[in-house]
Number of protein chains: 2
Amino acid sequence: MSQQFIHTFLSVDCVVLGFDNEQLNALLVKRDVSVEEAGSLKLPGSLIYDQEDVDDAASRVLFELTGIKKMPLRQFRCFASPNRASRAEDRKWLNQAYQPNINRLITVAYIALCKIDRKHHNISKYSSEWCPLKKIPQMPFDHNEILLASLGEIQKWVEMEPSIIFDLLPQKFTISQLHRLYESIYAKKIDIRNFHKKVAAMPQVVALEEREVGVAHRAARFYKFDKKGYSKLKNNL
Amino acid sequence: MSQQFIHTFLSVDCVVLGFDNEQLNALLVKRDVSVEEAGSLKLPGSLIYDQEDVDDAASRVLFELTGIKKMPLRQFRCFASPNRASRAEDRKWLNQAYQPNINRLITVAYIALCKIDRKHHNISKYSSEWCPLKKIPQMPFDHNEILLASLGEIQKWVEMEPSIIFDLLPQKFTISQLHRLYESIYAKKIDIRNFHKKVAAMPQVVALEEREVGVAHRAARFYKFDKKGYSKLKNNL
DNA sequence: CCAAAAGTGTTAATAGTACACCCATGC
DNA sequence: GCATGGGTGTACTATTAACACTTTTGG
């Protein structure tokens, strides 16, 4: 009776998104062993420890693989198809990277938003790199599926908690950066005049005196996200 | 090295909500062994099988414990605190119900919406019963926490996919039933006249000729949810 | 002076909110 | 005839969507 129940390893995988003023990028790690068949780039992820909550594991793994700390991480789904780790090359890699005879692997997927200029040290045996969403290669396991699913989640997340979008932008940003970011996330055109109006109505976005320099057109004004103003706003609801 | 990674059982737990024209109820199961310390009512849930996806496991477990089939089930979070199954009475029950030495248990939580008049057979060694949300007892593991978390999810779910709310109502329902249901889910008063207007603007809610009989006041009109009209509407977007 | 992106207002349509009285029925 | 819940309309406000030209700057 008892062996019919699953007894398994559990992993976390993180979809870390960054914005390069043009498009959304995902942070992928390069595996040191060459498993060409399934591609060597994958989502940052690893097995969780024995006495560890999954949420803690996600933070830890992200730090270990990319050097990134204190990222807002959001759990969004458990991927548990019985076949998700059954391709020969994936099993081979699991055996090399962890231990033999991992028969099945269930993963809990997370999303995180990251400033793309943030340094991601290459701490471990992995190196990490930003990859534009349009150029995502074939990845091992169901990582392509996980990434795809995460894109729907981020829209919902931003709608629920609009302030997180500023985690994708540098400290100082222009309205058009913010505009392009909104257009990327919602994957649609947003009228620029209505957008200015909308931003003007956000007390947490404050204009700075500083402007762009050295651009071959009218210099754009910089804005910053005012966390304090934002929490005040929230508390007054 | 390898023993630091978790190697664990995995369960699913389902929060099944029903509406009795007054308030939301959760479907709980009664355990056959008496574990009084932690209460004998719990969320329907069980371990998943070796070759089973978690989503499939949720449907199966719900059927096995309550007799309910083909419920829209929505995964909403993985609960994995290292201590969630470490209370002595919970471990004792796990040992009795499944097998000895389950050291830790990670669960994937689901929400489902159910017509409360739907018969839930008492198929297994469990019997199931509806329990008003205001009278939920102390439950084992972190089931109280899971139930609480699910209530936030259902609001979001209904906003995203309003048609699911009709899964909580009988085939024929009155506007005030629907009204009370909205008020329960959003936990706030909704103006009845504006509500009538809102319902009138929903092409998928169609008025029937039939009315209530034998009530000590003006008889209310019945309405039904027109699935076809609804999908047509969605496809035209 | 030209290319390139920044910045700026008005109007119309839609959705949401507030609010109070008469109607039908059983007892 | 009275208690109980069913059903109805209007006016105000807020939000969203559509739409085009002038400004600044570097080259």
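Fair warning: this is a prediction, and the values are worked out from it, not measured in the lab. Side chains are part of it too, since the values below use all heavy atoms of this structure and drop only hydrogens, waters and symmetry mates. Per chain, numbering begins at 1; letters A, B, ... match sequence-line order.
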Could you tell me the separation between the CZ atom of Phe195(A) and the P atom of dA18(D), rounded to a whole number of Å? 16 Å
Indicate yes or no: does Arg180(A) engage Glu22(A) in a salt bridge with an N to O separation below 4.0 Å. no
Hey, is Lys172(B) close enough to Glu210(B) for a salt bridge, meaning N to O under 4.0 Å? yes
Tell me if the aromatic rings of Phe225(A) and Phe173(A) count as close, with their centers under 6.0 Å from one another. no
Identify whether the distance between the nearest side-chain nitrogen and carboxylate oxygen of Arg74(B) and Glu153(B) falls below 4.0 Å. no
Please check: side-chain N/O of Asn21(B) versus main-chain N/O of Gln177(B), any donor-acceptor pairing under 3.5 Å? no
Measure the spacing between NZ of Lys135(B) and CH2 of Trp130(B) and express it to the nearest 0.5 Å. 15.5 Å
Would you kindly give the NZ-to-P distance between Lys189(A) and dT16(D), to the nearest whole Å? 21 Å
Distance, rounded to the nearest Å, where His179(A) contributes NE2 and dT8(C) contributes C1': 14 Å
Euclidean distance, Ser150(B) OG relative to His143(B) NE2, rounded to 0.5 Å: 12.0 Å
From CG of Asp191(A) over to P of dT10(C), roughly how many Å is that when rounded to an integer? 16 Å
Measure CD/Glu212(B) against C1'/dT4(D) and give the value in whole Å, please. 12 Å
Taking atom C1' of dG6(D) as reference, at what distance in whole Å does atom CZ of Phe222(B) sit? 13 Å
What does Ser176(B) touch in the nucleic acid at a heavy-atom separation under 4.0 angstrom: a base, only the sugar-phosphate, or nothing? sugar-phosphate
Check nucleotides 13-17 of chain C against the protein and report each pair of N or O atoms closer than 3.5 Å, with its distance, or say if there are none.
| residue | atom | partner | partner atom | Å |
| --- | --- | --- | --- | --- |
| dT17(C) | O4 | Lys197(B) | NZ | 2.7 |

In B/S/- notation (B base, S sugar-phosphate only, - none; protein heavy atoms under 4.0 Å), nucleotides 20-27 of chain C written 5' to 3' is B--BBBS-
Can you confirm if the NZ or CZ of Lys198(A) lies within 45° of the ring axis of Tyr182(A) and under 6.0 Å from the centre of its six-membered ring? yes
Are any side-chain N or O atoms of Asp226(A) and backbone N or O atoms of Lys224(A), one a donor and one an acceptor, separated by less than 3.5 Å? no
Provide, to the nearest angstrom, the distance between the CG atom belonging to Asn21(B) and the P atom belonging to dG5(D). 13 Å
Spacing of Lys198(A) atom NZ relative to dT8(C) atom P, expressed in whole Å: 18 Å
